[in-house]
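All values derive from a computational prediction rather than experimental measurement. Along the sequence shown, residues are numbered consecutively beginning with 1.
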Amino acid sequence: STQSTGRPMFAENNDDENSCDSRPLAAPLRRWRALAYVLVAFFGNMQPSEAYLSTWIVTTRGVSHDDLNTRVYPVDTYASVVCALLCVAAVSRWGCWRVALVGQTARLLVRGLLLWSTGIPAMCAAQGFYALAVAVERAALFTLPFSESAEGFGGVVSRARVATAARAAHHIGALLAALLADVLVTRVRVEMRVLFAISAATAVTAALVLVAVVPRDSSPSAAALARTARPLLCSNGGASSLRALFSLDSVRLCGTWWLLGGAAHAIAGNYFQSQFVTLAPDSGAHAHFGSVAAAREALAALGAAAAPLARRGGAAALGALALGGGALLALAGATTHINAAFVAVVGAWALFGAQTALAALLVASPVAIAALEFGSLLVASLAQAVTGALTSSAGVFLVVCGALHAAAAPLMLAVALALAARRRQRVASKKALMSSVDGDSN
């Protein structure tokens, strides 16, 4: 997280000590440095193998479909909680660059395990490293541009703009990778191993750019850590700030959706592809999974872009979208037609993109959003454990996710009614107090 100035949380007042490099650079080199952040995000997420991951594991890695659903994919859900905490602590202690390097190393390990290892333990390890890589992206990679000196990239481009461009490149990389995967599998008919080899090559490229071009940020000093940690440890410090933040009606309402809707999609993200493999002939070896992944990525981005249009609707719009998204997830799990599952998943992710962006607009606090994202991972872990103990069907997992997602709407309504009743009670108490004071004065 950053302060209002855009500096890293633990940065001290001396820019020369904590910035990446305070020496003057020529404008072309500054532009290349800015581009480097974008390239790391682009190549790091350009993974054509992702669209056919479930098919690859089931058909070539010696893992059954049931084991994939009950033993392999749950590792990602559980590891996400642990990795989220570890990454925040690691960024605070060692800085963004070192943690980003760990994330790129984790991606390389994922590629190596998927290409050259077989069996359940290896695939579980791949899911754990993948959870680490995703946690690093959230905690370090997208905030890495802010570790540049206070004047940004020498006036050529702002740090905030570079960070935004990196996020956009991250999604563009996933979109292009999905389209490439579809062409290679359904038209060129290459072996699926080629997709994983390309993913390994792009991961290596991202790591090389990070090491060779992106400057290292300085880890915060012990004094800076102590000054920052002190208010968080005091009873009147960070805990009070968080309580005040979550006392806002907007945070409570949107937080209700975030905990349930975010948890539902955290689980569904692992199982929709497994459902496709169940419904598609030949476990989807020649299915258009790449096109579906590209459409899902594109419509999720469009949904996020359209979120400001629904801002006037506020929490009511968020609740309506929650009902629609839940229905689509349930449809994806209940249908026996592969094309219906395709449409339902793409539609659910489009609505999820809109809901996430809308909730972020209404909450309008990076601290609250980070806390809600972590809370949603905890809820996802609990739902994963309960559902996994009852079934190994990807379809049932998606139906449960749909129910969890849709449940956010009536729960938000209950919270809204409770908040309204509490406001009325406060108004009535205030009026009674004023009447009592007037009576005493008379």
Side-chain angles (χ1 to χ4, degrees), residues 39-65 67-69 71-80 82-84 86-87 90 94 97-141 144 169-170 173-174 176-178 180-181 184-185 190-214 269-270 273-274 277 283-285 289-290 293:
L39 292 177
V40 170
F42 175 81
F43 284 112
N45 204 37
M46 190 178 183
Q47 307 165 74
S49 57
E50 285 302 296
Y52 295 89
L53 177 62
S54 295
T55 301
W56 172 259
I57 293 176
V58 170
T59 59
T60 69
R61 301 296 93 184
V63 178
S64 70
H65 199 239
D67 286 334
L68 178 68
N69 292 337
R71 301 178 66 181
V72 176
Y73 280 156
V75 173
D76 174 66
T77 305
Y78 302 137
S80 295
V82 179
C83 291
L86 290 177
C87 286
W94 293 296
W97 188 90
R98 293 171 179 82
V99 178
L101 182 60
V102 170
Q104 296 305 317
T105 303
R107 283 206 179 274
L108 290 174
L109 290 172
V110 171
R111 298 305 140 205
L113 288 168
L114 291 174
L115 272 171
W116 296 300
S117 299
T118 59
I120 294 175
M123 297 303 102
C124 288
Q127 287 294 302
F129 284 123
Y130 181 78
L132 175 59
V134 172
V136 167
E137 287 174 355
R138 294 173 177 173
L141 185 61
L144 188 56
H170 182 78
L176 295 180
L180 176 63
L184 292 177
V185 170
V190 301
E191 292 185 13
M192 211 167 290
R193 178 177 293 273
V194 174
L195 302 182
F196 288 83
I198 295 174
S199 294
T202 56
V204 169
T205 302
L208 289 176
V209 174
L210 177 68
V211 172
V213 182
V214 175
N270 287 328
Q273 197 179 103
S274 184
V277 172
S283 297
F289 290 170

Open item on the list: For I120 and S64: C-alpha separation, side-chain torsions, deciding distance, then whether side chain to side chain contact (heavy atoms under 4.5 Å, CB included) applies.
Closed with: CA-CA 9 Å; I120 294 175; S64 70; over 6 Å; no
- [ ] Any chance you could lay out the side chain to side chain contact (heavy atoms under 4.5 Å, CB included) test for M192 and T60, step after step, and finish with the verdict?
- [x] CA-CA 10 Å; M192 211 167 290; T60 69; over 6 Å; no
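Remark: F196 CZ to W116 CH2 distance equals 12.5 Å, nearest 0.5 Å. One finds the CG atom of L113 at 10.5 Å from the OG1 atom of T118 (value rounded to the nearest 0.5 Å). Rounded to the nearest 0.5 Å, atoms OG (S80) and CZ (R138) are 7.0 Å apart. Taken to the nearest 0.5 Å, the OG1 atom of T205 stands 10.5 Å off from the CZ atom of F42.
Put simply, the side chain of H65 never gets that close to the backbone of S54: no donor and acceptor are under 3.5 Å apart. Not a single donor-acceptor pair under 3.5 Å links the side chain of W56 to the backbone N or O of L115. Judged by distance alone, the side chain of T202 and the main-chain N or O of M46 form a donor-acceptor pair under 3.5 Å. The backbone N or O of A122 sits nowhere less than 3.5 Å from a side-chain atom of S117 that would complete a donor-acceptor pair. Between the side chain of E50 and the main chain of S199, no donor-acceptor pair closer than 3.5 Å is present. Side-chain atoms of R107 come within 3.5 Å of backbone atoms of G44 as a donor-acceptor pair (strictly under, hydrogens ignored). Distance alone, capped at 3.5 Å, places no donor-acceptor pair between the Q104 side chain and the L210 backbone.
When the options L53, T77, V72 are evaluated for a side-chain contact (heavy atoms from CB on, under 4.5 Å) with N270, the one that passes is T77.
Contact of the L132 side chain with the L109 side chain is not registered, since no non-hydrogen atoms from C-beta on lie closer than 4.5 Å. For the pair P48/L184, no side-chain contact is recorded, criterion being any heavy-atom separation below 4.5 Å from C-beta on.
Within 6.0 Å of atom CZ in F289, more than 12 heavy atoms from other residues, nucleotides or ligands are found, so the atom counts as buried in its surroundings.
Closest of all the heavy-atom pairs between A131 and D76 is CB-OD1, 3.6 Å. Between L108 and A207, the shortest heavy-atom contact is CD1-CB, 4.4 Å. The shortest non-hydrogen separation linking L144 to A100 is CD2-CB, 4.4 Å. Among all heavy-atom pairs drawn from S274 and N69, the shortest one is OG-OD1, 2.7 Å. Here the shortest heavy-atom pairing between L141 and A41 reads CD2-CA, 4.4 Å. Scanning all heavy atoms of the two residues, the minimum distance from G290 to A51 falls at CA-CB, 3.8 Å.
Remark: the R111 side chain and the S49 side chain contain an N/O donor-acceptor pair separated by less than 3.5 Å.
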